[in-house]
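Each remark here refers to the structure printed beneath this line.
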Amino acid sequence: MSGGRLSGRLAWALALAWAVARGVPWRVVGVGAVGGAGVVAVVRWMGGAMDPWLGINLLRAAALVFALGLAFLLDDPARHTTAPVPARRWVRAGLRVGLVLPVAALWWTAVLALVPEQARPPVGAVTLEAAAVAALALAGAAVTLRFTDEPEPGPSVAAGLLTVAVVAPLLTPARWSLLVAPGDPRWEASHTRWAWLLAAAALVWAACEPEPLQRRALRNGTRPRPVFGRETSLSGRSDG
C-alpha cells in the first residue's frame, strides 16, 4: 500500500473517531462514573469500619450505577436524520465502546483503590461482575436499537437494568445466587455463572449491532441501495 493511500486511510479513521467521540453522551457516562465512585467514597470518608461484605457490596453498587450511565452510550438522537457516512453502524458502535473502555478501566481502578485493602474482595472476581453488568447494559441498548426504531434506548434500558438488579436477587434460588460473599462455598460457582453471563451479553451485543436493513426497508416501502459500502433507503434514511 502506498504512503498516500495509507495516510489517507489514517486521516479517514481519525476523522471518523473524532466524529464518533463527539456523539458519545459523555455527560451521562460521567454522571454514572461520578455517582458510582461517590457510593464508595462517601462510606470511605465517613470513617466507619469496612469489612469484605460491605466492600464487595459497595463495589457492586458502584458498578451498577456506572452501568446505568453506559445504557445511554448508544443513544443517537439523529439516528433517522443523519446523512449516509462511509462506516457501518457496528463500526461506529464499536468505536463508542472503544473510546469509553479506557475511561472505564481508569475509573474502576480508582474505585477499587477507594476500598481499604482489608475490605477489598478478590479483584479479578469483582471485576468480572462489573464487566458483566456493563455488558448487559450495552446488550440491552443494542437489542432495543436492533428491533425498534427508538433512537435513544438509554432511559428504558437503564430502567430495565435497575429493575432486574432489584428484583432478580429476590427471585433467584439461593443455589443459583450471583451475589455471594467472599469465602462463601458458592463463590467459585457464582463467578462461573458471571462469566457465562458476560459471554452471553457480549454475543447478544455483537449479534444485534448490524441494522436490520431488509426489514426496515420493506416496512417503509423502499428498496435499500449501497452508498459508500453501506446501504440506505431511497428515502434517504441511512442504516447499517
> Could you go step by step and tell me if Leu59 and Val39 meet the side-chain contact (heavy atoms from CB on, under 4.5 Å) rule?
Replying inline: CA-CA 8 Å; Leu59 289 172; Val39 170; over 6 Å; no
Same cluster or not: [X] versus [Y], using hydrophobic residues (I, L, V, M, F, W, Y) connected whenever any side-chain heavy atoms lie under 4.5 Å apart?
X: Val204; Y: Phe147; result: yes
X: Leu198; Y: Phe66; result: no
X: Leu54; Y: Val123; result: yes
X: Val28; Y: Leu161; result: no
X: Val20; Y: Val29; result: yes

[X] versus [Y], closest heavy-atom pair with distance:
X: Ala139; Y: Ala201; value: CB-O, 3.5 Å
X: Leu74; Y: Trp205; value: CD1-NE1, 4.0 Å
X: Met50; Y: Pro116; value: SD-CD, 3.4 Å
X: Gly36; Y: Ala62; value: O-CB, 3.2 Å
X: Pro121; Y: Pro182; value: CB-CG, 4.0 Å
X: Glu150; Y: Thr144; value: CB-CG2, 4.3 Å

Measuring from atom [atom1] of [X] to atom [atom2] of [Y], what distance do you get when rounded to the nearest 0.5 angstrom?
X: Leu70; Y: Leu101; atom1: CG; atom2: CG; result: 10.0 Å
X: Thr127; Y: His191; atom1: OG1; atom2: NE2; result: 9.5 Å
X: Glu152; Y: Leu145; atom1: CD; atom2: CG; result: 10.5 Å
X: Arg193; Y: Glu188; atom1: CZ; atom2: CD; result: 11.5 Å
X: Leu64; Y: Asn57; atom1: CG; atom2: CG; result: 12.0 Å
X: Ser190; Y: Leu179; atom1: OG; atom2: CG; result: 8.5 Å

>> Would you say that more than 12 heavy atoms from the other residues, nucleotides or ligands in this model lie under 6.0 Å from the CD of Gln118, or not?
In response: yes
> Around Trp53, counting heavy atoms of other residues, nucleotides and ligands shown, do more than 12 lie under 6.0 Å from its CH2?
Replying inline: yes
Decide yes or no for [X] and [Y]: does some side-chain heavy atom of the first lie under 4.5 Å from some side-chain heavy atom of the second?
X: Val133; Y: Trp194; answer: yes
X: Phe72; Y: Pro153; answer: no
X: Val143; Y: Cys208; answer: yes

>> Between Leu73 and Val97, does the side-chain contact (heavy atoms from CB on, under 4.5 Å) criterion hold? Intermediate values first, please.
In response: CA-CA 8 Å; Leu73 183 61; Val97 175; 4.0 Å; yes
Would you confirm whether [X], through its side chain, and [Y], through its main-chain N or O, come within 3.5 Å as a donor-acceptor pair?
X: Arg186; Y: Ala174; value: yes
X: Asp75; Y: Gly154; value: yes
X: Ser177; Y: Pro173; value: no

>> side-chain contact (heavy atoms from CB on, under 4.5 Å), that's the test. Do Val31 and Val65 meet it? Break it down for me.
In response: CA-CA 9 Å; Val31 168; Val65 174; over 6 Å; no
> Can you check side-chain contact (heavy atoms from CB on, under 4.5 Å) on Arg96 and Val100, steps first, answer last?
Replying inline: CA-CA 6 Å; Arg96 287 194 177 205; Val100 170; 5.8 Å; no
